[in-house]
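Heads up: the structure comes next, in structure tokens.
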Amino acid sequence: MKEIFCQILSMSLSAGILILAIAVVRFGLCRVSRNLTAGLWGIAALRLIFPFSLQSRVSLIPEPAVIQPEQMAQTAALQRPVLRPFVPMQEQTAPTAPTVELLEILAFLWLAVAIGMLLYGLYRYLRLKGMLASAVRAEGNVWYSEFVVSPFVLGVFRPRIYLPYSLTGEEVPYVLAHEQMHIRRGDPLWKLLGYALLSVYWFHPLAWLAYGLFSRDLEYACDECVIRNYNREQRAAYSQALLQCTVKSRRFAACPVFFGEAGVKERVLQVLRYKKAKIGILIAALLVCGVVAVCFLTNPVSETPAFTEPVSETTGSVPAQTPEEVYPEALQVYSDYVDAFRTGDKERWAGYLRFQNDVVRQLELDTFYPCDLQILGWEQLKENLWVISAQYELIYGNGRTEMKLIYNFVTEDQQGWYVIRSAYHIPEELAAGLNLSPYIDPDAIPMTDNMAEQMKICAELREFAEPTKIQWSDPEQAGDPGTEFPMNFNDFLGSTDTWEAEYNPAPVTQPDSSCQTVRLYSPEGNMLLIRADSPWMEFYDGTGACTARYRCFAEGEKVIGYLYLWMQNP
Amino acid sequence: METPKIFESEYRFCRILWEHEPIKSKELVKLCQEQLGWKPTTTYTVIKRLSERGVVKNENTVVSALVSQEEVQAAQVDEMMEKTFDGSLPAFIAAFSRNRKVSPEEIDQVQAMIDRFRRGEQP
């Protein structure tokens, strides 16, 4: 409810400006066509109903005055872009922010009055309807009732015209012409819509002004439609009917309920003075209305989108927002991803990521370490792209890595929401038009196609992690691996560091008898030849053909030494 | 006995009753539906209201009048309405001329305007 209230508040701000503009334009147009001025209020209604997202350069609505439920300022002393601070769910219920409580009270008050007004309207309608039950039908949709003082139309779907019994003279046809015109124009519905909007925006003084002027314009417009083709005599008679229906009162009390009510004097004057507007003037007036519509129905084009110029360090006070107020899905997805990451729920974690292929996916799962991620802030870059800054801390065994600031991204594809772990991996079409440089971690290794390739090689080599047979040319001659291999052979095969592959290599020369070699046979029946005289490891399939060569960061000699060491202490 | 006062609509109803009394209430309902456009419930409500005021009686679903046409006078709308209806309409109703109180001077002014217009003067 709080969110709706804030939405209503910010909509009422922009609509207020529109109402003022219409009130001014209307002043100029009221001698041209009352139907036009009545139509202008339709623009205001549109603005009050729909939160417009259309942008236009000629918009005269000020920069979107976004009213945030929490104006709590928070300084974030981070070096790179300061995103909106993230306030975790559990903190927002803390009664530390009195503004929130006040806002809740206001929101409640707003809703209570709005519902009250609608119920009061309903009550008045039902009471009137009850009194009109004994109305007597004259003909068609025209009814007489002693409870009617002045003629009116009641009902939206099957509107009825109610007349007082006292109305019997020659003014009846004019009154009926007016009321039937109301029905033909659908005025009962417009009036009801206006009242409903007034109930919602009851707190806005300009909404009352708009409703008053709108009611007045509706009557004027209806008069105009009726008298358009009347001659002088008919117009005089119509005016007489208007006067006839006005109640004389001993005590002259200006009815304050709707200050915009059209007085009988003004209406009669309009009828008597009516001249058909010249077509040129009418077109000009229409143009003015069009300009008003374009200028006030659209929102301004954002001059400084958040993503091109991230908030600098100096402007560290950004209103905090709770995840609920933000686009909930994006942050919820990310929170869940973080949770899976932290608790080591690998499958769930992987479910929020997109991998190049299944091999890479499996590799990442195999080398997964839980990680502590703390969400620091967020920013919406595009409709479907969010950047989230977080503190990243790898947990391994009992230890933790140093805390590190990272930027992750959340977006959506056909399969749903997912997390992008680095700005490098944002799909091209999503990255278009964005300046992502502030979010790129200079320390991070960009995941390149080459890297994906390397991971693929690792997956292939893993075939040999548990060889069925190892053939040494001379194990005793194995060189010293030194300290360059700080991991076991299994991990070595799976390490992506600097693998390079050459598929369908040129004919391979067989190592001579003096060259030390190791032959690993995989369960699939393939063979990997590691030779001391070459950095390349050769891959032979079951038929004995060499189909690929892999180069590691180390000389073959050292690889063999390393393999030997591993064999000694598996 | 004081002359009973009835509303105009009730008077229209009584005219039907005088013409057909005594009449079964069911038939009266039918007549009112045809001639006045009333719903059955409205007719029954009016019968009940007028019985309470001693204008009609309803015995064993047969309705007859207790007063004659000459004895009844249609009440002045104003005097009866003060109590039941304040005469103002809900805001959302499109009215021909809202029941805004206008001073007699203003009415005279407007009347003069119309008269001048009729004589051919420009307003």
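Naming: A, B, ... by sequence-line order, numbering from 1 per chain. All values below come from the heavy atoms of this structure, side chains included, with hydrogens, waters and symmetry mates left out.
Within residues 133-141 of chain A, the residues approaching chain B closer than 4.5 Å by heavy atoms are, in numerical order, A:Ala133, A:Ser134, A:Ala135, A:Val136, A:Arg137.
Using a 4.0 Å cut-off between charged nitrogen and carboxylate oxygen, A:Arg34 and A:Asp217 count as a salt-bridge pair. Ion pairing between B:Glu8 and B:Arg12 holds under the 4.0 Å rule for side-chain N and carboxylate O. In this structure, B:Glu52 pairs ionically with B:Lys48, as a charged nitrogen and a carboxylate oxygen lie closer than 4.0 Å. Ionic pairing of B:Glu10 and B:Arg53 is present here: one or more N-O contacts between side-chain nitrogen and carboxylate oxygen are shorter than 4.0 angstrom.
For chain A, the nearby part of B:Gln109 is the side chain; its heavy atoms alone come within less than 4.5 Å. For A:Trp190, no part lies under 4.5 angstrom from a heavy atom of chain B.
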Between A:Tyr211 and A:Lys191, is a side chain to side chain contact (heavy atoms under 4.5 Å, CB included) present by the stated rule, with each step listed? CA-CA 9 Å; A:Tyr211 186 72; A:Lys191 207 77 195 279; 3.9 Å; yes
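A donor-acceptor pair is defined here as one N or O able to donate and one able to accept, closer than 3.5 Å; such a pair exists between the side chain of B:Trp18 and the backbone of B:Val67.
Using modelled atom types, one finds a donor on one side chain and an acceptor on the other under 3.5 Å when comparing A:Asn35 with A:Glu224.
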